[in-house]
Amino acid sequence: MFKLLRNNLRPEHRLFRVLTSTVGEITMVMVGVLLALWVQNWNDDRKDVIKEGKLLREMRHNLDADLNDCRDNIVANQRYLHANTAVLKQLTERTPFNDTLRVHYANIFGNTTLVANTSAYDNLKSIGFNLIRNDSLRGLITKLYSERYPYIHNVEFEADGKMQWEQMLPAIHSRVAVDTMWVSGHPLDELALMDDDTFKGLLRTNIFLRDIMLGIYSGVEKRILVLQQMIDRELATRE
């Protein structure tokens, strides 16, 4: 017994017990820190998932409004296209004016604008695009909002808008009597208008633009639908 007590009192034995106790304490502290970090990361991830879901639902709602606006613009451009085509046909073939042409003469002028709802996208930009974890979904979002919408806006104002307000409208004012805008109109001088190559050239240009705008709006309509479907699938995985 005295031998055992003497051995325990040796310096190397005391140092071993101290080191063992210290290592144990350090290990417990490290485990506690790592556990706390894991819990913190789990909480942060959970908050991000909730935040992402809320933002995607808001964006889904924004896209509903954009889709309705886009489809309204498609209908309007189809009407303008039909009107310009009908009036050009009448003038080119030199057929007499009749009451069925009144609505067409009233619709040869007009342009459309897609009013994009970007509240969710603006919020995403302020938070950071990495909030959207699905790479494909994040790519579709950025392409629509940062590429396609600005392109449409540019065509609407720089090409179509200028054509309508700077060329079509002055030509119509001097050649067509619009009784009610987009409802009823008629040529001021039918025979002179039939011989007016400049006016008929404007109608051809307008028909070309209407085809372009219809293609653009139809394309963005498809993009919106695809993005909505992907958002729906992403949200479904959380339910």
Side-chain angles (χ1 to χ4, degrees), residues 37-82 84-85 107 110-165 205-239:
L37 288 174
W38 180 85
V39 171
Q40 182 63 43
N41 288 336
W42 183 85
N43 285 330
D44 291 342
D45 288 343
R46 182 171 173 273
K47 291 177 181 178
D48 285 344
V49 168
I50 294 173
K51 188 183 298 182
E52 181 189 12
K54 181 180 179 181
L55 187 141
L56 288 176
R57 290 183 183 90
E58 181 185 358
M59 184 171 289
R60 182 66 168 77
H61 180 71
N62 288 169
L63 290 170
D64 279 336
D66 291 353
L67 186 61
N68 290 332
D69 191 7
C70 183
R71 286 172 171 169
D72 287 341
N73 290 343
I74 289 174
V75 171
N77 277 278
Q78 288 173 335
R79 186 175 70 252
Y80 299 148
L81 175 62
H82 185 46
N84 279 268
T85 302
N107 279 279
N111 64 307
T112 51
T113 303
L114 177 63
V115 182
N117 294 268
T118 63
S119 61
Y121 180 71
D122 293 338
N123 191 21
L124 177 61
K125 284 197 299 184
S126 66
I127 296 172
F129 291 105
N130 287 335
L131 180 68
I132 307 299
R133 305 187 181 197
N134 186 315
D135 293 340
S136 298
L137 177 57
R138 185 170 62 249
L140 286 178
I141 291 172
T142 55
K143 284 182 180 179
L144 178 65
Y145 285 94
S146 68
E147 296 177 15
R148 203 62 188 170
Y149 278 172
Y151 168 73
I152 293 172
H153 180 81
N154 184 61
V155 174
E156 288 171 336
F157 285 89
E158 295 301 321
D160 191 27
K162 287 185 176 180
M163 162 65 181
Q164 298 305 313
W165 292 94
T205 302
N206 210 16
I207 289 170
F208 174 71
L209 273 174
R210 301 280 64 77
D211 279 328
I212 289 178
M213 298 310 299
L214 281 170
I216 289 175
Y217 288 129
S218 296
V220 79
E221 177 188 27
K222 293 176 182 176
R223 288 172 182 263
I224 291 173
L225 289 171
V226 170
L227 181 54
Q228 285 183 322
Q229 291 171 0
M230 184 166 286
I231 289 175
D232 289 341
R233 286 197 296 268
E234 187 68 21
L235 292 174
T237 62
R238 304 158 193 267
E239 297 177 353

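Heavy-atom minimum distance, A76 versus T112: CB-CG2, 3.8 Å. The nearest pair of heavy atoms linking M213 to N77 is CB-OD1, 3.5 Å. Nearest heavy atom pair, residue M230 against residue S136, reads SD-C, 3.9 Å. Residues S119 and E58 share a closest heavy-atom pair of OG-OE2, 3.0 Å. Here the shortest heavy-atom pairing between T113 and Y217 reads N-OH, 3.9 Å. Looking at every heavy atom in both residues, L235 comes nearest to G53 through CD2-O, 3.9 Å.
N154 places no side-chain N or O within donor-acceptor distance of the main-chain N or O of P150, the cut-off being under 3.5 Å. Under the 3.5 Å distance criterion, the side-chain polar atoms of R210 are left unmatched by any main-chain donor or acceptor of Y80. Remark: side-chain polar atoms of S218 are not paired, donor with acceptor, to backbone N or O of G215 under 3.5 angstrom. Of the possible donor and acceptor atoms, none in the side chain of R71 sits under 3.5 Å from a partner among the backbone N and O of L67. The backbone N or O of V155 lies less than 3.5 Å from no partner atom in the side chain of D160, so there is not a single donor-acceptor pair. At distances below 3.5 Å, at least one donor-acceptor pair connects side-chain atoms of D69 with backbone N or O atoms of V115. Of the possible donor and acceptor atoms, one in the side chain of E52 sits under 3.5 Å from a partner among the backbone N and O of R133.
With rounding to the nearest 0.5 Å, the separation of CG in N73 from CG in L214 is 10.0 Å. Distance CZ/R138 to CG/N130: 5.5 Å, rounded to 0.5 Å. Expressed to the nearest 0.5 Å, how far CG of L209 lies from CG of L81 amounts to 11.0 Å. One distance of note links CE of M163 with OG1 of T205; it measures 5.0 Å at 0.5 Å rounding. Taking CG of L144 as the reference point, atom CD1 of I152 lies at 7.5 Å (rounded to 0.5 Å). One distance of note links CG of L114 with CZ of R148; it measures 11.0 Å at 0.5 Å rounding.
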task = Please assess D64 against N117 for the test side chain to side chain contact (heavy atoms under 4.5 Å, CB included), listing each intermediate value before the final yes or no.
result = CA-CA 9 Å; D64 279 336; N117 294 268; over 6 Å; no

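Residues D232 and R60 are in side-chain contact: their nearest non-hydrogen atoms beyond the backbone lie under 4.5 Å apart. Using a 4.5 Å cut-off on side-chain heavy atoms (C-beta onward), R223 and L140 make no contact. The side-chain heavy atoms of H82 and Q78, taken from C-beta on, include no pair separated by under 4.5 Å. Taking the side chain as every heavy atom from C-beta outward, L55 and K51 never approach each other to under 4.5 Å.
Scanning for salt bridge (Lys or Arg N to Asp or Glu O under 4.0 Å) contacts around K162 gives E158, with sequence neighbours left out.
Ring geometry for Y145 against Y149 counts as perpendicular: the plane angle is over 60°, on a 0 to 90° scale with 30° as the lower cut.
By the neighbour-count criterion of 12 heavy atoms within 6.0 Å, atom CZ of F129 is densely surrounded, having more than that number from other residues, nucleotides or ligands.
For the residue pair N62 / Y121, no side-chain donor-acceptor distance below 3.5 Å is found, with atom types taken as modelled.
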